[in-house]
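Report on one structure; see the data block that follows.
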Amino acid sequence: MLRARRVLPSFSKTLIQQQQLHLPSSLSNSKHALLTNDTTSNLHQSLLQMSLRGHAINFRHYNALLNECVAKRAFREGKRLHAHIIKTHYPQSVYLRTRLIVFYNKCDCLEDARRVLDEMPERNVVSWTAMISAYSQRGYAYEALHLFVQMLRSGTEPNEFTFASVLTSCAGSMGFFSGRQIHSLIIKCNYEAHVYVGSSLLDMYAKDGKVHEARSIFECLPERDVVSCTAIISGYAQLGLDEEALVLFRQLQGEGMQSNYVTYTSVLTALSGLAALDHGKQVHNHVLRSEVPSFVVLQNSLIDMYSKCGNLTYSRRTFDAMHERTVISWNAMLVGYSKHGEGKEVLELFMKMREEKKVKPDSVTILAVLSGCSHGGLEDKGLDIFYDMTSGKIEVEPETEHYGCVVDLLGRAGRVEEAFEFIKKMPFEPTAAILGSLLGACRVHSNVGIGEFVGHRLLEIEPENAGNYVILSNLYASSGRWEDVRSLRDQMLNKAVIKEPGRSWIELDQVLHTFHASDRSHPRREEVSGKVKELSIKFKEAGYVPDLSCVLHDVDEEQKEKILLGHSEKLALSFGLIATPESVPIRVIKNLRICVDCHNFAKLISKIYGREVSLRDKNRFHRFVGGKCSCGDYW
DNA sequence: CTAGGGTTAG
């Protein structure tokens, strides 16, 4: 012992001290205090010296050394240790080999981990589970499930660890094994009420869109913790059920749930969807006050929340304050500028990103930049970037969506023929989204020739989309082709389905006021629809002409006008005018694209009342000031 | 020795 202490570096000293103190084999508290950075590089030497000097290297040594390698992700040292273990000592140890699987997983070397499992003379539930969870954690769902099946075939019974891991890989049916089958196995093995298994299980159902099943699993859990609560909240948020997510978050918070950074991240996603700025600020305050560590993911979702709530200044402030940024941080910020039509800011930030070189742009980055150029009227810059991508100067493979951005870019700039030629030259058949974007351009720039061709092609691919009929009909109406308008309307009535009813809302003192078309549900509906009428009379005096081509119903003009005045965004705008102080902008959110007539209406509010209006629709932000919109009437 | 929830885009 004494000799060893003299010649061996500090790493082995740790071991010796630990043995003398009869500590458990993990180095627990002592490891950080006693180890220096160069210790693991001395590992091999230490081992050699120990065996040369006749010291028995026992299980405990190996385990401690392995723990070190896991903690430090010391790959080369771990590999040497592995060789040592297999060649000289404990070749049969299931325990040590399982630790090696964990070690290789931590080093992101699944192939090495798998080799350890495959070479194990015998396996137990822990070694199977270690490998299954390695696959699950790294996103290899197929491999995880496949191994799970092999485990069952081998006659090993899974435990709660196995189920919690394997369920992560079960979202959707994997063909040979479904989440439901695993669920029944869990019931059979009596793990359904286990918190870890339960949260994994409810998460699986939620990711599969089965939110009711997820909720009932959640409600049946005998105990709840942060993770299970977060899982159900984020389940709602990920499905776009933002209000449900918010309501549940507040309820669970009231019941004493201790939120952590994942919880906040999830609820922020819901608040982004709702554009609930007041709630968002409140959550941000909670984060600051509760001293939840500010992890990158949380900050990313704050950037996104502020930008989707219309406050780019706060987004940028969050972005600038970050010590570490991932590609998602950059993307969230770029998307923010892009949706607000701030093309210049998009390019500047993109340049900064490329200069810093800390983070590599990915496909989403380029999408954000291209659509930013498009919405910001910088089409030539956008085209340059697209060609940098096709020539390999930007290392991102162009995808369908990138081509779509270029079509949008050209079309928006009025270069409709060029956009059409571009589509013909694409290496794939145009998608409905791409044709729809060109059709929109044809409507704005009154190109009936191409519009008609593209429109009919689109109606063949997507006959169920009512929006396509409306745009093509607008185009016909603009050139007085009423016969075609009528026939289009008949086709639409036969084939189209209205998937999502139009809905607009506005946040007032942390309460969301939602309006549907021709709303009858809001408590102040009489007052609100009275205000819409009043405004329309006032605006007509200022030259407003209702754009009846936005209504495709087969009714007389008076009826059409009535339908137009019932649009949800007009109700929300008028409510904003009544209920908010003159000093603040009116912030309205719509779940679909805003219609031309409501866009005109908002312009007039900004002009005649001198109120700034911020309207977020499905695609982007519209900021109305003095009768003009930041989108330049193209959206 | 093995375990669950999270951020951008569409």
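In what follows, every chain begins at residue 1, and chains take the letters A, B, ... in the order their sequences are listed.
- Using a 4.5 Å cut-off on side-chain heavy atoms (C-beta onward), A:Phe386 and A:Leu409 make no contact.
- Judged by a 6.0 Å distance limit and a 45° cone about the ring axis, A:Arg620 is not positioned over the six-membered ring of A:Trp635.
- Looking only at atom types and distance, the side chain of A:Ser301 has no donor-acceptor partner in the side chain of A:Asp304 under 3.5 Å away.
- As a whole-Å value, the separation of A:Asn331 CG from B:dA9 C1' is 8 Å.
- For A:Lys207, the salt bridge (Lys or Arg N to Asp or Glu O under 4.0 Å) test picks out A:Asp203, with sequence neighbours left out.
- A:Glu255 meets the salt bridge (Lys or Arg N to Asp or Glu O under 4.0 Å) test with A:Arg224; sequence neighbours excluded.
- For A:Arg215, the salt bridge (Lys or Arg N to Asp or Glu O under 4.0 Å) partners are A:Glu219, not counting sequence neighbours.
- Taking 4.0 angstrom as the limit, A:Lys308 places a side-chain polar atom (N or O) nearer than this to OP1 or OP2 of B:dA9.
- The interatomic distance linking A:Asn67 (CG) with B:dC1 (C1') rounds to 9 Å, in whole Å.
- Residues from residues 244-263 of chain A placing a heavy atom under 4.0 Å of any atom in DNA chain B, listed by number, are A:Asn260, A:Tyr261, A:Val262, A:Thr263.
- When distances are taken from the side chain of A:Val364 to each of B:dA9, B:dT2, B:dA3, the shortest belongs to B:dA9.
- Near DNA chain B, meaning a heavy atom under 4.0 Å away, the residues from residues 199-207 of chain A are A:Ser199, A:Ser200, A:Asp203, A:Lys207.
- A:Phe319 and A:Trp330 have their aromatic ring centers within a separation under 6.0 angstrom.
- When the side-chain nitrogen and oxygen atoms of A:Ser266 are compared with OP1 and OP2 of B:dG5, none of them lie within a distance under 4.0 Å.
- With sequence neighbours left out, A:Lys79 forms a salt bridge (Lys or Arg N to Asp or Glu O under 4.0 Å) with A:Asp112.
- Atom CG of A:Asn105 and atom C1' of B:dA3 are 12 Å apart (whole Å).
- A salt bridge is defined here as a Lys NZ or Arg NE, NH1 or NH2 lying under 4.0 Å from an Asp or Glu carboxylate O, and A:Asp617 with A:Lys339 fails to meet this definition.
- Here A:Gln137 reaches the OP1 or OP2 of B:dA3: one of its side-chain N or O atoms lies under 4.0 Å away.
- Side chain of A:Asn124, nearest nucleotide from B:dC1, B:dG4, B:dA9: B:dC1.
- Atom CD1 of A:Ile232 and atom C1' of B:dG4 are 14 Å apart (whole Å).
- Atom CG of A:Leu167 and atom P of B:dA3 are 14 Å apart (whole Å).
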